[in-house]
Amino acid sequence: MKVERIIAEGDLVSLHWSAVGTNTVAVPGFPGQGKKVEIDGMSFFRFKDGKIVEEWSTYDNLTIMKQLGLMGEK
């Protein structure tokens, strides 16, 4: 995982991140196939007294499914 960008304002911090990994373990909807995947995502954190008290994250699930061959290109 690599942090691409960080933006902070007040008690909020946002990250744009990228990740590379290998799908080796089956989880619901994603069979373990040993295929490499690369994705981007964003996470937002709210801090209070120097600690994270809320987190919101999102990533490109469709790209993962395409890279694993679980969804055809259209």
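As a basis for the values below, the full set of heavy atoms in this structure was taken, side chains included, without hydrogen atoms, waters or symmetry mates. Sequential numbering from 1 along the given sequence is applied to the chain's residues.
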When you look at V20 and V37, which way does the side-chain contact (heavy atoms from CB on, under 4.5 Å) test go after all the steps? CA-CA 6 Å; V20 177; V37 294; over 6 Å; no

Taking M1 as the starting point, is it possible to reach I39 by hopping between hydrophobic residues whose side chains are less than 4.5 Å apart? yes

Value for OG (S18) from CD (E4), rounded to nearest 0.5 Å, stands at 3.5 Å

Go through the structure and list residues passing side chain to side chain contact (heavy atoms under 4.5 Å, CB included) with V3, not counting sequence neighbours. I6, L15

Distance in Å, I7 CD1 paired with L12 CG, rounded so as to fall on 0.5 Å steps: 11.5 Å

Who pairs with N61 by side chain to side chain donor-acceptor pair (under 3.5 Å), at least two apart in sequence or on another chain? none

Atom pairs and distances, side-chain donor-acceptor, residues 41-52, under 3.5 Å, sequence neighbours left out:
residue : atom : partner : partner atom : Å
S43     : OG   : W17     : NE1          : 3.1
S43     : OG   : S57     : OG           : 2.7
R46     : NE   : E54     : OE2          : 2.5
R46     : NH2  : E54     : OE2          : 3.0

Take atom CD of E55 as the centre, draw a 6.0 Å sphere, and report whether it contains more than 12 heavy atoms from other residues, nucleotides or ligands. yes

Just wondering, do Q67 and D60 contact through their side chains at under 4.5 Å, heavy atoms? no

Taking only residues at least two apart or on different chains, which pairs with a member in residues 19-41 satisfy salt bridge (Lys or Arg N to Asp or Glu O under 4.0 Å)? K36-E38

Which residue pairs pass the side-chain hydrogen bond (donor to acceptor under 3.5 Å, both in side chains) test when at least one of the two sits in residues 20-32, sequence neighbours left out? none

